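As a basis for the values below, the full set of heavy atoms in this structure was taken, side chains included, without hydrogen atoms, waters or symmetry mates. A note on names: the letters A, B, ... follow the listed sequences, proteins ahead of strands, and every chain is numbered from 1. Since we're looking at a predicted model, the values are computed, not measured.
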Amino acid sequence: MWEERVAAIREHFRRFLEDFYRITVSPPAVEIPPRLELGDLAFTFPFELAKVLRRPPHQIAREVTEKIGPVPFIERVEAAPPGFINLYLDRGGWFLDLCLWLRQSPPKPGGPKVIVEHTNINPNKAAHIGHLRNAVLGDTFVRHLRALGRRVEVQNYIDNTGVQVADVVVGFHHLRGMTLEQVAAIPEPFDYYCWDLYAEVSEWYEEDPGRHQLRLQALEAIEHGRDPLFSLAAHVSDRIVLAHLKTMERIDIRYDVLPRESEILHLRFWEEAFRLLRERGAVTLAEEGPNKGCWVMTLPPAEGQPEETKIIVRSNGTVTYVGKDIAYQLWKLGLLGKTFHYRPFYTYADRHVAWVTSTKPFDGEEPDFGNGHEVYNVIDVRQSYLQRVVAQGVRSLGYEAEADRSIHFSYEMVALSPRCCQALGIELSEEDQRRSYVEVSGRRGLGVKADDLLNILFERSLQEVEKRQRDLTSEQRKSIARCIAVGALRYFMLKYTRNSVIAFDFDEALSFEGETGPYLQYTIVRSNNIFRKLAERDAGWSGKQLEEMIGHPPEDDRLRRWLADDKIWALLREVSRLSEVTGQSVATLELSTTARHAFNVAQQLNLFYHNYHILSEEEPERRVFYLLVVDTAQRGLRKLLDLLGIDVPERM
RNA sequence: GCGCCUGUAGCUCAGAAGGAUAGAGCAAGGGGUUCCUAACCCCUGUGCCGCAGGUUCGAGUCCUGCCAGGCGCACCA
């Protein structure tokens, strides 16, 4: 509700300025004053107008406030030195509109399809905290888009034929000498087993670099379907993908489709893309120089820089990673002219199905994936260069608009703080000790596994729940603890801006106090108890009283008087910014904006809870008003938590 | 060498598209529960906003230079 209203106010001022001063201006920028005494909105245009009109800003501000007359949604307008114009909202009308707005049902999905690709973990080891950041950002972004009524498809790309899987296959076959049957008999958690094996293989290679030959052989066997390595690779990657899906399901993250490298290969996506690239001159065969014999793409030169070229096809005829990625990106945009078949891979607890790509038609109805109007790739910042190359590939085929709609949702990595390394018993080199953080490395087995972190969070929250909820069953307490663990984790991953490196620290990640997920959950649980107690104590309470007050507010000026209380108004105004803030989050891909806003609302609601004792309020109408304030704030906060993927338990 | 990012309180981080007195959380110290859950609330202190110039009525925010740190720039994925 915020943006339309503010737009109307700005437009009102724009018209006034044009009529009154006979000038042409765009709607003036509006901001929120630093303190509530200074109003709810503020203009600074008098400072700019001062130059044009050659008059002091404060004089202009005073003149405008005197002459503007009634402004929609605004109760009064004041000029403040040295030239601000402060607007005070009509609190009563704003509040009632907010109550109604929060009762609207969410928009139905429609319009052009948006594809969001996230998670993309190599299927050769357990997921770690870095992957959690990716998945949480991606999933939260998806929730934001859906809340805006966008039609969203969630993809999780699986590189099941790459070196990382090959390395684990080498580990099983050559290092361990295990057969497929023996590997299949390894008990869960299989992804943990592979985590260790992967690190072991990496070390084994280093002892004798000649062993890298085995990796190449494995890659070749996997690509050409030669057993036993091919079946081993399929077993490893399928089983680990399943483990990843289950890990992510623990934090309420689901996927629609898993496009796999193996099908991209077998359906010859690259060959088709290569044909297009050659036909349209996007890649050229280098006849001379160091790249002789390679097909290269030229990147537009940065100003004053020499032209850059990127090798797409090696001189031995094999395609590079970027090349394959361009083919895949073209498919996502519906520009390849080829597509996959699909079969169900995993059914979630809520019956939602994650499909996986296939080369053969499915015996039943196949969904239609890909062909997105807009594509977001959630990948960490280290891939920025390659993502630029991919977009350039699309662009050089002549798809300018599609390249612009190929968006890299980049974010910084999760690293390990020195304290965290100590806690994990990791010995650091002298070089690493000097750093403020150490990069997570699957190859070195350096990292915190996602499931381990979730398990610790669960245990910690269970301890807290057990302290407080003695009368609940063990199952109920566990369910609450799970909910809290998810809230803590997701908020932790979202509270930082995306280009801030998270130096992972157990103390911070496991905190349930202050700016944390559990604080947000607790705020709702506690305020919700007011309504529960009310229902227990007051037989006449049905909740209808709230609707009654919205539909028929007191006819005298009581509502006005109640809302004159800045402590209450501050809370309600903050809640009313919901759509503006989340819109900002989507526009800037900065989801921490939503997270922090939710925290602000929670802080204000806690303050209100603390300062006003609602159930013992004796004046009945005022009590209903207080209840409506709590209800409104709670609805707003719940919407925000939905966007963050944080559920709220009944008690905690 | 080139490109991108970061530098704000003891620590971890926010700082609306330049605006009014630079904020949160944690940590430290003190206080609050016969009451709707103390996973809460209140009080207390700390800032050459990396440094130096510039643009502007106004700069933590924009520009230039420098310093420090991180990441990227393969016929690896």
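- A stacked arrangement is assigned to A/F84 and the six-membered base ring of B/A20, with a centre-to-centre distance below 5.5 Å and an interplanar angle below 30°.
- Between the base of B/A16 and the side chain of A/R577 there is a donor-acceptor pair shorter than 3.5 Å.
- Nucleotides B/G3 and B/G47 place their C1' atoms 33 Å apart, quoted to the nearest Å.
- Judged by distance alone with a 3.5 Å cut-off, no donor-acceptor contact links the side chain of A/R35 to the base of B/A20.
- Atom OH in A/Y385 sits roughly 14 Å away from atom P in B/C4 (whole-Å rounding).
- Among the heavy atoms of the strands lying under 4.0 Å from A/Y496 are primed sugar atoms or P, OP1, OP2 only; no base atom is included.
- Within the cation-pi definition used here (under 6.0 Å to the ring centroid, within 45° of the axis), A/R278 qualifies as a partner of A/F274.
- The side chain of A/R435 contributes an N or O atom lying less than 4.0 Å from OP1 or OP2 of B/G70.
- Nucleotides B/C57 and B/C67 are separated by 32 Å at their P atoms, to the nearest Å.
- Closest non-hydrogen pair, A/Y437 versus A/M413, comes out as CE1-CE, 3.9 Å.
- For B/A27 and B/C42, the P atoms lie 15 Å apart once the distance is rounded to whole Å.
- A/N86 comes within contact range of at least one nucleobase, with a heavy-atom separation under 4.0 Å.
- Counting non-hydrogen atoms under 4.0 angstrom, A/V465 reaches a base of the nucleic acid.
- Distance from the side chain of A/L38 is smallest for B/A20 among the nucleotides B/G70, B/A20, B/C36.
- The interatomic distance linking A/F608 (CZ) with B/C36 (P) rounds to 16 Å, in whole Å.
- Relative to the side chain of A/L386, the nucleotides B/A77, B/G19, B/C73 differ in distance, and B/A77 lies closest.
- Residue A/R526 places at least one side-chain N or O under 4.0 Å from the OP1 or OP2 atom of B/A38.
- Interface remark: the A/S384 side chain does not form any donor-acceptor pair with the B/C4 base, using a distance-only criterion of under 3.5 Å.
- Closest contact between the side chain of A/Y321 and the listed nucleotides B/C26, B/A77, B/C57 involves B/A77.
- Remark: A/Q383 is not in phosphate contact with B/C71, judged by side-chain N or O atoms under 4.0 Å from OP1 or OP2.
- Counting only heavy atoms from C-beta on, A/H610 has its side chain closest to B/C41 among B/C41, B/A77, B/C71.
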Evaluate A/E117 against A/N120 for side chain to side chain donor-acceptor pair (under 3.5 Å), listing each step before the verdict. CA-CA 8 Å; A/E117 179 196 81; A/N120 299 10; 2.8 Å; yes
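- For B/G69 and B/C63, the P atoms lie 23 Å apart once the distance is rounded to whole Å.
- Residue A/S417 forms a side-chain contact (heavy atoms from CB on, under 4.5 Å) with just one option from A/V438, A/D507, A/D505, and that option is A/D505.
- Under 4.0 angstrom from either OP1 or OP2 of B/U6 there lies at least one side-chain N or O belonging to A/N499.
- Contact between A/I85 and A/A61 at its shortest, heavy atoms only, is CG1-CB, 3.8 Å.
- When heavy atoms are screened at a 4.0 angstrom cut-off, A/I484 is found touching base atoms of the nucleic acid.
- Within the 4.0 angstrom heavy-atom criterion, base atoms lie near A/A42.
- Considering only side-chain N and O atoms, A/R537 lies under 4.0 angstrom from the phosphate OP1 or OP2 of B/C36.
- Looking at heavy-atom distances under 4.0 Å, A/F599 makes contact with sugar-phosphate atoms alone, never a base.
- A donor atom on one side chain and an acceptor atom on the other are not found under 3.5 Å apart for A/Y157 and A/N377.
- Applying the 3.5 Å distance criterion, the base of B/A27 shares no donor-acceptor pair with the side chain of A/D507.
- Among the atoms of the strands shown, none is found under 4.0 Å from any heavy atom of A/I502.
- A ring-ring contact (aromatic ring centres under 6.0 Å, His included) with A/Y519 is found for one member of A/F599, A/F492, A/Y491 and no other, namely A/F599.
- The side chain of A/Q603 places an N or O atom within less than 4.0 Å of a non-bridging phosphate oxygen (OP1 or OP2) of B/G25.
- The residue A/P81 sits apart from the nucleic acid: no heavy atom pair falls under 4.0 Å.
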Any chance you could encode RNA chain B as dot-bracket? Rule is Watson-Crick or G-U wobble with both distances under 3.5 Å; [ ] for pairs crossing earlier ones, | for another strand. (((((((..((((.....[...)))).(((((.......))))).....(((((..]....))))))))))))....
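- Looking at heavy-atom distances under 4.0 Å, A/D159 makes contact with sugar-phosphate atoms alone, never a base.
- If you take CD1 of A/I158 and P of B/A77, they are 19 Å apart, rounded to a whole angstrom.
- Base engagement by A/Y612 is indicated by at least one non-hydrogen atom pair under 4.0 Å involving a base atom.
- Both cation-pi conditions hold for A/R526 and A/Y609: the charged atom is under 6.0 angstrom from the six-membered ring centre and inside a 45 degree cone around its axis.
- Of the candidates B/A20, B/C26, B/C75, B/C26 carries the atom nearest the A/E513 side chain, counting heavy atoms from C-beta on.
- Within 4.0 Å (heavy atoms only), A/S500 reaches sugar-phosphate atoms of the nucleic acid but no base atom.
- Nucleic acid contact class of A/K292 (heavy atoms, under 4.0 Å, all strands): base.
- B/C40 atom P lies 11 Å from atom CG of A/L520, rounded to whole Å.
- Atom-to-atom, CG of A/L299 to P of B/A74 comes out at 11 Å; the value is rounded to the nearest Å.
- Judged by closest nucleotide on RNA chain B, A/V525 is the one of A/V525 and A/V163 placed further toward the 5' end.
- Within the 4.0 angstrom heavy-atom criterion, no nucleotide atom of any strand lies near A/E261.
- To the nearest whole angstrom, the two P atoms, one in B/G15 and one in B/G54, are 29 Å apart.
- Between A/T65 and A/A79 the shortest heavy-atom distance is CG2-N, 3.6 Å.
- The phosphate of B/C41 has OP1 or OP2 within less than 4.0 Å of a side-chain N or O from A/Y519.
- Across the protein-nucleic acid pair, A/Y411 atom OH and B/G72 atom P stand 14 Å apart, rounded to whole Å.
- In terms of heavy atoms, A/A598 sits closest to A/L637 at O-CD1, 3.5 Å.
- Between A/R623 and A/D538 a salt bridge is recorded (basic side-chain N to carboxylate O distance below 4.0 Å).
- Residue A/D380 contributes atom CG, which lies 17 Å from atom P of B/G70 at whole-angstrom precision.
- Here B/G70 is the nucleotide among B/G70, B/G72, B/C41 with the atom lying nearest to any side-chain atom of A/M413.
- A/Q584 comes within 4.0 angstrom of sugar-phosphate atoms only, judged by non-hydrogen atoms across all strands, and of no base.
- One atom, CZ of A/R388, and another, C1' of B/C5, lie 13 Å apart when rounded to the nearest Å.
- Along RNA chain B, the nucleotide closest to A/P33 and the one closest to A/V313 are compared, and the more 5′ of them pairs with A/P33.
- For B/G23 and B/U64, the P atoms lie 29 Å apart once the distance is rounded to whole Å.
- Using cut-offs of 30° and 60° on the angle between ring planes, the pair A/F13 and A/F43 is tilted.
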